[in-house]
Amino acid sequence: MIKDLVNPTNFNLLVSNIGDVLVKALDAPLGYVINWGRVWSLWPVHLETACCSVEFGAVSSPRYDAERFGILEAFGSLRQCDLIVVQGTVTRKMAPRLRMVYDQMPEPKYVIAMGACAITGGLYLDSYNVLPGIDSIVPVDVYVPGCPPRPETLIQGTMLLQEKIKRSKVK
Amino acid sequence: MEKTNTENNQTNLIEVKEEKSNLLSSSLINSITTNFGDQVKLVYKKENRSKIMVSPENLVETALYLRNNHGFDHAESASGTDYPADNQIEINYHLGSYSNTDYYPYILVLSTRVDRTDPKSNSLINIFPSVEYHERETYEMLGVFFLGHPRNERFILPEDWADMPPLRKDFRIKGR
Amino acid sequence: MNTATGFIKALESGTKHIVLKRFTFRYPQEKLKFVGDGYQFDPKKGVGIAGTRGRHILFHDKCTGCQLCAIACEGIAEAITMVKVDEQWKQNKKSIMPQIDYGKCVFCGLCVDACPFYALYMTNDYELSSFTKSHLIYTPAQLAVKPKYDGEVEIKIGSRGAYHGR
Amino acid sequence: MSSLEEKIDEAKKLSLQITKETEDDRLMTLSVGPQHPGSGHFRFTIKVDGDYIVFVDPDPGYVHRGHEKMCEYRNHFQNIPHLERPVIHDSCNITYAYSLAVEDLVGITVPRRGQFIRALASELSRLSYTLYWLAIYGIFLGHSTMFMWPAGDRELLIDLLERLSGARVTNAFNIPGGVRNDIPYNFKEKCLAQVNYFETRLKEYEDIFYNNPLLRQRTEGVGILTKEDAIKLGVTGSVLRASGVPFDVRKVEPYDVYDEIEFNVQYMKTCDSFARAYVPVLDMRESCHIIRQLLDKMPDSGDVREKLQFNIKSSPGETYKRVESGRGALGYHVVSDGTPRPYRVKASVGSFRNLLALPFLLTGSKLGDMPAIYWSLNYWPVEADR
């Protein structure tokens, strides 16, 4: 009996079975904890693409104070960031830079398209230098409409994103 | 009683101001026309604004005269307008003065027309250093080559821009 | 000496703010109070009525399907398209009404200025964020709904600085 | 023998070449922006020799959206939401200039009450612009409180603008012919209270920021732009006034009701970065003064708008109208060919003109002084690119 157990193949099987059971048991609570951590520490990149940055500044201002939701603009490296708020128009000159910034960020990463220009191109439907929305270069999680959106709308958008993160499955 | 007095004063002041600006602009235009004769054509004269048209050869000479004798020391903007019907591009310099207090409200538009197929014009960068970026923008947006400008190159448009200058009238934007 | 007084003054003006009221208002729980129900326009007088420019509201019983709002928007954002509706109205023979894409709308309010029949106004509703682009397109039926908005705080100025109060 | 000498000579030459190369290698090229804390949507390449900047090449255009081209396909009213996008936090001023130009082309005058209201809106807009600029200047210099205070107080003025026009920043309020709507009920009292409170806050700014010895050390005597250079480079706005030229379009060429308002043109003669940072605050004080006068002198009733057709046709001709914006003189050169659409619109904006001073001031200064110089130029990249 004991000999059978000590037999390496059987032992490995047992350990792996226990491991599977443990992973299954801990998956939900651990995922919940990890997601909870992600929800309350969204660090946006400091990349301003256009004029919506004014209202993004207002979101961090004392009146709206986005730090209540854990959104603290990181002045450090891109490697620490997990959220990119595309603040308005993306021109043809800015588009490669936006993609470069997105590629440098570690997984998991989320994108909020802020303003009409980032969603569909907005006013610049016939401009020669503006992308018709950022869907073609980065995947978007939440759309925040307005030109520029009110700070409340952006906060509502980030709350939607937090809801999305809570429900997502941890890999 | 007092009120009417002040009102009168105000209207008088405004009249005086208008007279002054009229005098100023007519003396300016007179001195230019006496100096250059037929080379300079007056396009319009409004309150505090006037526009003169010169041929491309006389552009530098006129600008130099305006700077040295009337104190026009900077250009608010240099821009171009495309006229495909005349096959010409008009280049406008909006000249202003910070050193001559009389000319503070005054804007003199110095303009010239160049051929549209091969637009070349003398740069005013040595006379008004403030036109440097404006001329570079005009080169980019309308394709006017400024002779004597050190950097006739890409400025605002994307690095890989390969189309024609966008502010030309025959540059079509999508859907229009 | 000058340097020292400079530092002391800076510290003093900073520490004063410990006793002042906080300026932050707690957005999802509290909402701002605006002027009126939203931006409206009086075509007879030719001037607007002040109000916040949020989501539109469309009065189906007044819309004639004249497309003036769509024409006004044509050169701005092209957010308004006229779509067919199932309803039958006496004043709306073609039964077409505006449908607004908030992914394009810039909330300038010139469509409201263009409407000659008091049919299109703006409301205080601004909570429009969504997960997909298609949810941003509001059909005439969605536009007819009057939003519930109960903002109550506004800026007050008291002896302890500016704050948000009822 | 000779071959040895030749070899020595060659070696000497080679070593000379090597030292030359290393000298050139001392110059290091740095790219600042567009993803960089403190450059925004703008990039410039600098070459540094040790700690000193020896070469600067600005590279704007990251927000170039082609406004000037797009204006040619829209009528004058449809242009209003377009043209305010370059500076959304100073939108009332930028539409003011275009409205003046269109009114000049069409040949109408705005009702007196409308003139007062749009001057009021433009002053509020100027204040909120300057506060945003001050907030960014504070955080550029590492002063977090100076980001929080102006950004918070800016909301007082944004709140007023929202009551007046309905939008927080993109107001689309000043249009050809006047303003969109009359002032709402109870606006005057609210405006007076908030502007008066804001003025008391300006004194605190001086205590914590401008009289702060740390800030003074970083900005005083840095980036000196003398009067002659300022005139030569054709800069405008607070940059020009900090160099000792008392030029303000509201004073030298009063538009609308500004000839009835009493105010002083604020300027300083120290020409350094501190002066460029301090002149806007002096301007803000004057603006508060102007707002009180405007509210006081405003007629109690009357039209606010000269009703124009949506497709108004202007007479052929051209015009150049300018106003004083938050960044200096802002002019619109509008050419019309008699159709409802302008033939050509050219904006002469303060930011683009002040950009010329950036390479001039940065060359020869220390790398650490870059933030203090760059943002003191009152430069808003979106406006410069248009």
Side-chain angles (χ1 to χ4, degrees), chain A residues 45-65 67 73-78 81 84 87-102 104-105 115-117 121-131 146-153, chain D residues 33-43 59-67 69-70 73-74 78 81-91 128-129 131-132 135-136 139 142 144-145 147-156 158-159 162 167-170 172 380-383 385-386:
Chain A
V45 184
H46 193 98
L47 174 74
E48 294 147 343
T49 51
C51 40
C52 281
S53 60
V54 174
E55 287 300 80
F56 194 76
V59 170
S60 351
S61 82
R63 193 184 194 180
Y64 294 98
D65 192 16
E67 270 185 64
E73 199 156 334
F75 272 73
S77 161
L78 286 174
C81 301
I84 177 164
Q87 299 159 15
T89 325
V90 178
T91 56
R92 278 180 46 194
K93 200 170 178 176
M94 187 62 108
R97 274 87 174 174
L98 174 65
R99 182 68 211 189
M100 216 185 279
V101 167
Y102 180 79
Q104 282 181 57
M105 285 159 58
C117 305
L123 279 169
Y124 305 97
L125 49 114
D126 55 354
S127 172
Y128 51 82
N129 204 24
V130 174
L131 293 190
C147 190
R150 292 180 64 87
E152 287 104 324
T153 319
Chain D
Q35 196 280 320
H36 186 271
S39 82
H41 6 60
F42 177 56
R43 167 173 174 255
D59 176 22
Y62 287 90
V63 211
H64 174 67
R65 299 180 281 200
H67 282 115
K69 181 75 179 175
M70 287 161 73
Y73 296 90
R74 284 155 175 82
Q78 288 168 335
H82 264 275
L83 287 171
E84 68 183 8
R85 255 68 195 176
V87 206
I88 55 170
H89 45 322
D90 195 12
S91 61
S128 76
Y129 169 79
L131 280 171
Y132 184 80
I136 304 292
I139 206 146
S144 289
T145 313
F147 170 74
M148 289 299 172
W149 283 12
D153 291 336
R154 176 173 165 263
E155 298 288 334
L156 292 170
I158 292 280
D159 189 67
E162 193 190 337
R168 277 173 57 86
V169 279
T170 45
W380 181 241
V382 189
E383 189 195 41
D385 299 347
R386 295 186 296 281

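Computed from a prediction, not measured in an experiment: that's the story for all the values here. Chain A is the first sequence line, chain B the second, and so forth, proteins listed ahead of strands; every chain is numbered from 1.
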What part of [X] lies closer than 4.5 angstrom to a heavy atom of chain A: side chain, backbone, both or neither?
X: D:E84; value: neither
X: D:R154; value: side chain
X: D:V169; value: side chain

(request) Could you walk me through whether D:R74 and A:D126 pass side-chain contact (heavy atoms from CB on, under 4.5 Å), step by step? (result) CA-CA 11 Å; D:R74 284 155 175 82; A:D126 55 354; 3.2 Å; yes
(message) For a quick test of reading the model, state the closest non-hydrogen atom pair linking D:W380 to A:S53 and the distance between them.
(response)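 Between these two residues, the closest heavy atoms are CH2-OG, 4.0 Å.
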(message) I need the minimum non-hydrogen distance between A:A50 and D:V63, along with the two atoms involved.
(response)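 In terms of heavy atoms, the two residues are closest at CB-CG1, 3.6 Å.
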(request) Please identify each residue that fulfils ring-ring contact (aromatic ring centres under 6.0 Å, His included) with A:Y102, with sequence neighbours left out. (result)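 With neighbours one apart ignored, the set is empty.
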(request) Output all residues satisfying side chain to side chain donor-acceptor pair (under 3.5 Å) with D:Y62, sequence neighbours left out; order by chain, then residue number. (result)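 Side chain to side chain donor-acceptor pair (under 3.5 Å) check on D:Y62 returns A:R97, D:D59.
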(request) Working to the nearest 0.5 Å, report the span between CD1 of D:I158 and CZ of A:R150. (result)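 Rounded to the nearest 0.5 Å, the CD1-CZ separation comes to 10.0 Å.
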(message) For the backbone of D:M70 and the side chain of A:S127, can you confirm whether one donor and one acceptor N or O come within less than 3.5 Å of each other?
(response)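 Checked: no pair found.
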(request) Using modelled atom types only, decide if a donor and an acceptor are shared between the side chain of D:R168 and the backbone of A:P148 within a distance under 3.5 Å. (result)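 Absent.
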(request) Would you mind telling me which of D:R85, D:H82, D:H67, D:H89 has the largest number of heavy-atom pairs within less than 4.5 Å of chain A? (result)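 Among the listed options, the one with the most contacts to chain A is D:R85.
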(message) Using a 4.5 angstrom heavy-atom cutoff, name the option from A:P151, A:S61, A:P62 with the most pairs to chain D.
(response)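 Greatest number of close heavy-atom pairs with chain D: A:P62.
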(request) Could you tell me whether the side chain of A:R63 reaches within less than 4.5 Å of the side chain of D:D159, counting heavy atoms only? (result)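 In contact.
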(request) For residues D:R43 and A:K93, determine if any side-chain heavy atom of one lies less than 4.5 Å from a side-chain heavy atom of the other. (result)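 SC-SC contact between D:R43 and A:K93 ruled out.
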(request) Please work out which of the three classes, parallel, tilted or perpendicular, describes the rings of D:H64 and A:Y128, given edges at 30° and 60°. (result)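 The rings of A:Y128 and D:H64 sit tilted, inter-plane angle from 30° to 60°.
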Does any heavy atom of chain D fall under 4.5 Å from the side chain of [X], the backbone, both, or neither of them?
X: A:V130; value: side chain
X: A:T49; value: backbone
X: A:Q87; value: neither

(request) Would you mind telling me which of A:N129, A:T91, A:L123 makes a side-chain contact (heavy atoms from CB on, under 4.5 Å) with D:R65? (result)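 Result for side-chain contact (heavy atoms from CB on, under 4.5 Å) with D:R65: A:T91.
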